[in-house]
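Quick notes on the structure that follows.
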Amino acid sequence: MYRRFFLSLSICLCVGVCSLSSVNAVQNTEENNSKTEYKLGEKGGYLTSNYSSTKNSNEIRRFSWGEGGKGFAAEKANNLSDILHGKNAKIVGNDNLKNGPDRRIINRNKQVIWIQDKYYSSATNSVSAAFDAETGMFRYYDADGKPMKLEVPKGQGAKAIEIMEKKIKDGYVKGIKDPSEAKNIIQEGSYTYEQAKNIAKAGNIDSLKYDAKSGVITSLSATGIAFTLDFASCLINGSDWEEALRDASINSMKVGLGAEVIYVISSQLTKANMQTLFKPATDKIANVLGPKASKALVEVFAEEGQVVTKNAVSNVLQSNLLITTVTVAVFSIPDTIDLFKGRISAKQLAINLAVLIGGATGATIGMVAGGSVGGPLGSFIGGMAGGLAGSYGSETLLTFFFKTDSEEMYDIITKEFSKVSNNYLVSQSEADLITESLSNTLTSDKLKDMYESDDREKFANKLIVNLFENQMKKRKEISIPTEEQLRNQMISNMSGVVFIH
């Protein structure tokens, strides 16, 4: 990235000649600094986050399916509540099996509980929806012939039990004779009917609270991936255990927060059907994708059991483009603020955005390609490789034509360093220390401060002069020998050769 600087930073120090080792110290440190902007853990964490966010976005599209959408919202909300309470809960109704369960809970004693959710405006309607319209018989039984749990909105439980008791008395629940069993069939959900309606829509408190809770699971997963990768990377690169623990913890917390923000925003936008803006483009892409790529795309990002159709492929692509857009928007906010403050150029912002988009696009392609070959693990590895390749390719392409802000600042620093070095006489060891201090000083924020300054040459000169002056202060004071000391030394040196009186 800083190739022009690396080529030009052969700066003079000792009477115009700076040691090559000192220049290499600056180069290596700057390379490391640039790489830490997007650490391995960050890439892994955000890849995990975007994968989960895309799947979630593709799933909650169903929330907009009229009355049935509220039922889907209730399923996911109640399932999330069970998970957050430590239960082994899972949604199993995506296979659309006739009279099959919506949810499953496995208790600690391995007992399996099958649940059917019915969320309507009244207890009468909620219970009635579980009975066949023609025969009047209860429709939901497990493999052993026992009635499944009927989950109704919070607040409808008491009335629903009364209605179920009457249904049992009238013989409409096969295998159940005792009306008191109604309380073992009816189960109140964690959310009311109104809350389920709100969760299915965007822009209200219930919806935001649900998305925030749901995002915690994705955030924790991304945090764990980021921490593991960064901790291992730090140890491999020579950090001690405590330093690796500190750096990995800080970085993983940042990833977790970013993942939560992306998840909530993308969920809200999906509920507002914003992903359909991409439909014209994704429909065309779905038409040209081959069967193998389409199958891999749906298997990686869609719900379990989803049939591979062009519409399913288009929907997945819409969700993925939405997540990519949100991710780019979230991560470009600091750069956009810097642009308005004059700390970076519009050109630099464009380069940064291209890197983000290239990385996100590459990660998606890599996940699909890896998933088609190696399943979930292959998808993750492919996503990591694709993300790195996409970011690197976008950056390399643009910086081939345009200098980055950092490169422009380094060109100025190089010239000023040469000027200042001619005014000082320093040793090899001092040259190394000055160069190391300069490389440590040239952080991303420092370069932005320099870009923002009215006189960049003056800014660079002051920065460099201060480093030289600080190094000069560390020198031991030189005392000139007295005439007597000099005479005595000469007598000693010339003893037996020349008589000196």
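Everything quoted here is computed from the prediction, not taken from an experiment.
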Could you tell me if the side chain of L80 sits less than 4.5 Å from the side chain of I217, heavy atoms only? yes
I need the E59 CD to T54 OG1 distance, nearest 0.5 Å. 11.0 Å
Verify, without hydrogens or angle tests, whether S214 (side chain) and Y210 (backbone) share a donor-acceptor contact under 3.5 angstrom. no
When you measure from the side chain of N107 to the backbone N and O of N109, does any donor-acceptor pair fall under 3.5 Å? no
T325 vs M274 side-chain heavy atoms within contact, under 4.5 Å: no
Do you know which two heavy atoms are closest between L317 and A286, and how far apart they sit? CD1-N, 4.4 Å
T270 and F63: CA distance, side-chain angles, deciding distance, side chain to side chain contact (heavy atoms under 4.5 Å, CB included) verdict: CA-CA 9 Å; T270 300; F63 285 10; over 6 Å; no
Closest approach of A160 and V127, non-hydrogen atoms and distance? CB-CG2, 3.7 Å
May I ask you to decide if the ring planes of F231 and W241 are parallel, tilted or perpendicular, using 30° and 60° as cut-offs? perpendicular
Do you know which two heavy atoms are closest between N184 and K149, and how far apart they sit? O-NZ, 2.8 Å
Please check this pair: side chain of S219 against backbone of A259, looking for a donor-acceptor N/O pair closer than 3.5 Å. no
Distance-only donor-acceptor check, side chains S267 and N56, under 3.5 Å: yes
Between V264 and E260, is any pair of side-chain heavy atoms under 4.5 Å apart? yes
Set out, in order, the CA-CA distance, both residues' side-chain angles and the distance that settles side chain to side chain contact (heavy atoms under 4.5 Å, CB included) for I186 and L150, then state yes or no. CA-CA 5 Å; I186 297 297; L150 183 61; 3.8 Å; yes
Keeping S57 on the side-chain end and S53 on the backbone end, is there a donor-acceptor pair under 3.5 Å? no
Between the NZ atom in K254 and the OG atom in S249, the distance rounded to the nearest 0.5 Å is 13.5 Å
With rounding to the nearest 0.5 Å, note down the distance linking OH in Y141 to NZ in K146. 13.5 Å
Taking the side chain from R139 and the backbone from A129, do they hold a donor-acceptor pair closer than 3.5 Å? yes
Provide the closest heavy-atom pair for D102 versus D117 in the form atom of the first, atom of the second, distance. OD2-N, 2.9 Å
Residues 118-126 side chain polar contacts: donor-acceptor under 3.5 Å, at least two apart:
{"from": "K118", "atom 1": "NZ", "to": "Q116", "atom 2": "OE1", "distance (Å)": "3.4"}
{"from": "K118", "atom 1": "NZ", "to": "Y140", "atom 2": "OH", "distance (Å)": "3.0"}
{"from": "Y119", "atom 1": "OH", "to": "N78", "atom 2": "ND2", "distance (Å)": "3.1"}
{"from": "Y119", "atom 1": "OH", "to": "Y191", "atom 2": "O", "distance (Å)": "2.7"}
{"from": "S122", "atom 1": "OG", "to": "N125", "atom 2": "N", "distance (Å)": "3.2"}
{"from": "S122", "atom 1": "OG", "to": "N125", "atom 2": "ND2", "distance (Å)": "3.2"}
{"from": "S126", "atom 1": "OG", "to": "Y120", "atom 2": "N", "distance (Å)": "3.1"}
{"from": "S126", "atom 1": "OG", "to": "S122", "atom 2": "O", "distance (Å)": "3.1"}
{"from": "S126", "atom 1": "OG", "to": "Q156", "atom 2": "OE1", "distance (Å)": "2.9"}

Y263 backbone acceptor or donor facing S266 side chain under 3.5 Å: yes
Check K76 against I60 and note the closest heavy-atom contact, atom names and distance. CE-CG2, 3.9 Å
Rounded distance [0.5 Å steps], CG in N320 versus CG in N315: 12.5 Å
With K310, which residues qualify under salt bridge (Lys or Arg N to Asp or Glu O under 4.0 Å), at least two apart? none
Look only at the side chain of N251 and the backbone of D247, and say whether a donor-acceptor pair between them is shorter than 3.5 Å. no
Between S180 and D178: side-chain donor-acceptor atoms closer than 3.5 Å: yes
Residue pair Q275, L269: steps toward the side chain to side chain contact (heavy atoms under 4.5 Å, CB included) verdict: CA-CA 7 Å; Q275 75 282 351; L269 292 176; over 6 Å; no
State whether the side chain of N204 and the backbone N or O of N198 hold a donor-acceptor pair below 3.5 Å, judged by distance alone. yes
Counting N and O atoms only, with roles assigned by atom type, does the side chain of T135 sit under 3.5 Å from a partner on the main chain of D132, one being a donor and the other an acceptor? no
So does R61 get a backbone contact from the side chain of S64, meaning a donor-acceptor N/O pair under 3.5 Å? yes
Within 6.0 Å of CE in M253, more than 12 heavy atoms from elsewhere: no
Output, in order, the C-alpha distance, side-chain angles, deciding distance and verdict of side-chain hydrogen bond (donor to acceptor under 3.5 Å, both in side chains) for S207 and Q268. CA-CA 8 Å; S207 180; Q268 289 291 302; 2.8 Å; yes
From CD (E181) to CD1 (I161), nearest 0.5 Å: 11.5 Å
Within the 4.5 Å heavy-atom criterion, are P291 and K295 side-chain neighbours or not? no
Minimal heavy-atom distance between E188 and P153, with the atoms involved, is CG-O, 4.1 Å
Report the C-alpha separation of E151 and Q187 in whole Å, then their side-chain angles, then the decisive distance to 0.1 Å, and conclude whether the side chain to side chain contact (heavy atoms under 4.5 Å, CB included) test is met. CA-CA 5 Å; E151 192 165 56; Q187 173 176 295; 3.0 Å; yes
Side-chain donor-acceptor pairs under 3.5 Å in residues 162-176, sequence neighbours left out?
{"from": "K166", "atom 1": "NZ", "to": "D170", "atom 2": "OD2", "distance (Å)": "3.0"}

Look up atom CD1 in I106 and atom CG in N88, then write down how far apart they are to the nearest 0.5 Å. 4.5 Å
